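Report on one structure; see the data block that follows.
Residue numbers start from 1 in every chain, and the chains themselves are labelled A, B, ... in the order their sequence lines are given, proteins ahead of strands. Nothing here was measured: the structure is a model prediction, and the numbers come from that model.
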Amino acid sequence: MAGEDFYKVLGVARTASADDIKRAYRKLARKYHPDVHKGAGTAEKFQAVGNAYDVLRNPEKRAAYDAYGADWENPPRPAQEGQNWDGGFGFAREDMSRADAGVFRDFFDAFGSRGGFSRPSPQQARLALDLEDVFAGARKIVGLRMPEMDPQGRMHWRDHKVVVNVPKGIGEGQHLRLKGQGAEGADLILEIALNPHPIFRVDGRDISVDLPITPWEAALGARIAMPTPGGKVQVKVPPNARSGQRLRLKGRGMPGAVPGDLYASLLIVNPPVKTAKAREFYERMAGELKFDPRKDQGA
Amino acid sequence: MRLANREHIEVIETLTLTELSAFCHVQADWVTSLVDYGVLDPLGGDAADWRFSPPNVLRARKARRLTHDLGLNLAGVALVLDLIEERDALARKLAQLGY
């Protein structure tokens, strides 16, 4: 976060008015809201925009930022008694001196909206899993940052790690309850998210994958090995298979009491013509196979 | 480091109105309004018997974030969530067609 220019993050000039800053923030908040746009890095951008706005919306913090830049939270002034607050939250210190549990809860609430994606709140956290974890079951460590009150009534953060045995077959959007693992012995609820997979797409309990095949496998039919998240399996490509045709592998989707299905979309890939021999072969096909795929289009 | 034993981990099937409200840090009235707007469709008849499934819990969380972050009202949230789901369904269809 340090080194990021808050004005650049919001795309406004240093002389921008409070209204300009508000408008820029609203526009970017819509653009990068992780619930609206799932693209890579949107959550981080949204967080950066929120952090920048948190500072620039507040005249005092903005003045400190203008004067001290990235070190605005620790300006060179007489040290103050207090805690080492996490920089990202950007509390004004005056606020904290009157922090009690109730007020704190309200603050935390406000973070739930902006910080919830990458900074877990006390009783809830998000756990991003790879598809392989879901298939094999996995042991994951969840890092939590919890507010704690010391005997003097001051709040401070405590880092805390919880080891979670992820049950097999848990899906996107499901939740896990970990009894007594949250702040002050409360339950910890984990929201499960699935990291995008380079090959497999998950849709509820079903999984789809593109399955590249050769023209001769498509024409003649073949038994081929294909990848599934649970390992390779043999599948039968029917003769005269079409590109885009879908094969269903029952029960090879998300594991569970009622496992989902795996759908493989056939994708015919032509070998590129790189040699004279290959060219000759294609030319022979063109001559011998009378085939016009556009004849129904009247071309 | 504390180890959460397997027997202490429970996959949540449904949440009650009280549980969902606490989970989202909102008043039960707000959740009830989401039901009135059709954003959530709990199982069970009366509010006391409502059970919210995981997709409902997710929608409630999203609704909460959208109202907070973007200043949407409930009608706006309902519309945005519908449009997002429609867009995601189309994106899945496109992906299946190989685009």
Honestly, the part of A:R30 sitting under 4.5 Å from a heavy atom of chain B is both
Taking a cut-off of under 4.5 angstrom between non-hydrogen atoms, the residues of residues 71-91 of chain B near chain A are B:I84, B:R87, B:D88
Residue from A:R201, A:Q174, A:R26 scoring the most non-hydrogen pairs under 4.5 Å with chain B is A:R201
I want to check something: taking the side chain as every heavy atom from C-beta on, are A:V36 and B:L66 in contact at a cut-off of under 4.5 Å? yes
Quick note, side chain to side chain donor-acceptor pair (under 3.5 Å) partners involving residues 188-200 of chain A, not counting sequence neighbours, are A:D130-A:N195, A:E132-A:H197, A:E191-B:R61
The reported gap from CG in A:D35 to CZ in B:R65 (rounded to nearest 0.5 angstrom) is 4.0 Å
By residue number, those in residues 53-60 of chain B with heavy atoms under 4.5 Å from heavy atoms of chain A are B:P54, B:V57, B:L58
Rounded to the nearest 0.5 angstrom, the CG-CZ distance for A:D206 and B:R92 is 10.5 Å
Q.
Pair A:R177, B:E19 - check side chain to side chain contact (heavy atoms under 4.5 Å, CB included), show working.
A. CA-CA 12 Å; A:R177 190 201 308 271; B:E19 285 173 330; 3.9 Å; yes
B:V31 meets the side chain to side chain contact (heavy atoms under 4.5 Å, CB included) criterion, sequence neighbours left out, with B:L17, B:L20, B:S21, B:V26, B:L40, B:F52
Tightest non-hydrogen contact, residues B:D69 and A:Y25, listed as O-OH, 3.9 Å
